[in-house]
Trainee: 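I have a structure here, written as structure tokens, and I will follow up with some questions on it.
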Amino acid sequence: MSIADTKPLRESKATQKRTPLNVGALVEEHFDYLYRYAFRYFRSHEEAEDIVQETFLAATRAAEQFQGTSTPRTWLTGILRHKTIDKLRSKGRDNHINFDELESDPLLKSFDAVGHWRAETGPTSWNCGPDDALKQKQFFSAVDKCLSGLPRRMRQIFLLRELEGFERSDIGIQLELTASNVGVLLHRARLALQACLQSTWFAELSKKAEP
Amino acid sequence: MISCKRATELLSLRMDQKLGLRLRLALGIHLAICSFCRAFSDQLSELRRVMVAKRTVEDEAVEIPDGAKERVKARLQENTPPTD
């Protein structure tokens, strides 16, 4: 999947005349799905509502671009994804990451001076994953807490990679970062999440497992 | 011999693209003798699996504020040219 598939929608005069589209029905059917998609990235109800509205607006203006080759949901999600990335990019401009600072950042405390794991924080097996629904729910909320602890930009890039499956280079192009900077952020995100889950969730589990 | 820090960089890279022969070799040798990095490698795969599983559950749990849908509908109706 490539971000380039979702080209900006042209909003010409011609496309604004009569649309056979029933907006009300579209909103009724797809609003919840799109809202949750947006919320994943912005974690703000206000921003989610705004961008979903923009999405439907763009859809009504470009109704005839929808050829029925995809389902309405796929089509709408494509528009929303494009808008989401646009917004993440423009927000990124005033949310700059200092890559020199990252080198000395606390996420790297897992390693000693020569780059080996510290014995007390080194990864240990996670053989105790959640086995029932309630535990799974608690586990997911632990994951969520760890995600919230990441710098916003780092979290968004991690989500674009893991949930959307975008390539490093695509994320880089869209967010105006080099692919190698994207790689640095993904590495940090993974280290941070590993350390966080290990020290919160998995350490607690193995404590309880001991007699 | 690469450091654990470097090994985690390569493990992270391996989640995103195929490694070249030289890097595969360096990583393979490191993993053969480092149980921490082997555990880390498993955890990265687990993390990916969890993220996907979690998305499905979590998305359903997001509470959409009352009236959000109606507000958007109303604003769209104002903005949509009349169909004749």
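Given the structure is predicted, the values throughout are model-derived calculations rather than measurements. Any value given below was found using the heavy atoms of this structure, including those in side chains, with hydrogens, waters and symmetry copies removed. Residue numbering restarts at 1 for every chain, and letters A, B, ... go by the order of the sequence lines.
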Trainee: Using side-chain heavy atoms (C-beta onward) and a distance below 4.5 Å, is Pro65(B) in contact with Tyr35(A)?
Mentor: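 Of all side-chain heavy-atom pairs linking Tyr35(A) with Pro65(B), at least one is under 4.5 Å.
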Trainee: Please look at Leu44(B) and chain A and tell me whether the side chain, the backbone, both or neither of the residue comes under 4.5 angstrom of a heavy atom of that chain.
Mentor: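 For Leu44(B), the side chain is the part near chain A, not the backbone.
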Trainee: Hey, does Leu163(A) have a side-chain heavy atom less than 4.5 Å from the side chain of Met51(B)?
Mentor: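 Yes - at least one pair of side-chain heavy atoms lies under 4.5 Å apart.
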Trainee: Check whether Ala7(B) gets within reach of chain A through its side chain, its backbone, both or neither, counting any heavy atom under 4.5 Å.
Mentor: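 Contact with chain A involves no heavy atom of Ala7(B) at all.
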Trainee: Sort Leu186(A) into side chain, backbone, both or neither according to what part of it lies under 4.5 angstrom from a heavy atom of chain B.
Mentor: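 For Leu186(A), backbone and side chain are both near chain B.
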Trainee: Contact part of Arg48(B) toward chain A, heavy-atom cut-off under 4.5 Å: side chain, backbone, both or neither?
Mentor: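 Both parts, backbone and side chain.
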Trainee: So do the side chains of Gln198(A) and Gln43(B) get within less than 4.5 Å of each other, counting heavy atoms only?
Mentor: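 Yes, their side chains come closer than 4.5 Å.
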Trainee: With a 4.5 Å cut-off on heavy-atom pairs, point out which of Leu197(A), Thr124(A), Val114(A), Val52(A) contacts chain B the most.
Mentor: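 The residue among Leu197(A), Thr124(A), Val114(A), Val52(A) with the greatest pair count is Thr124(A).
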Trainee: Fit a plane to each ring of Trp117(A) and Phe40(B), take the angle between them on a 0 to 90° scale, and name the class: parallel (under 30°), tilted (30 to 60°) or perpendicular (over 60°).
Mentor: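 Tilted.
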Trainee: If the test is side-chain contact (heavy atoms from CB on, under 4.5 Å), which one of His187(A), Arg190(A), Arg161(A) qualifies with Met15(B)?
Mentor: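 Going through His187(A), Arg190(A), Arg161(A) one by one, the side-chain contact (heavy atoms from CB on, under 4.5 Å) with Met15(B) is satisfied by Arg190(A) alone.
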Trainee: Less than 4.0 angstrom from a charged side-chain N to a carboxylate O is my criterion; do Arg75(B) and Glu49(A) meet it?
Mentor: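 Answer for the salt bridge query: yes.
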Trainee: Could you list the donor-acceptor pairs under 3.5 angstrom formed between side-chain atoms of residues 24-31 of chain A and any protein atom two or more places apart in sequence or on another chain?
Mentor:
residue: Glu28(A); atom: OE1; partner: Lys73(B); partner atom: NZ; Å: 2.4
residue: Glu28(A); atom: OE2; partner: Lys69(B); partner atom: NZ; Å: 3.1
residue: His30(A); atom: ND1; partner: Arg73(A); partner atom: NE; Å: 3.2
residue: His30(A); atom: ND1; partner: Arg73(A); partner atom: NH2; Å: 3.4

Trainee: Pick one of side chain, backbone, both or neither for Phe56(A), based on which atoms fall under 4.5 Å of a heavy atom in chain B.
Mentor: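 For Phe56(A), the contact with chain B is made by backbone and side chain together.
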Trainee: Considering only heavy atoms, give the residues of residues 16-24 of chain B separated from chain A by less than 4.5 Å, sorted numerically, with 'none' for an empty result.
Mentor: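 The list, in residue order, reads Asp16(B), Gln17(B).
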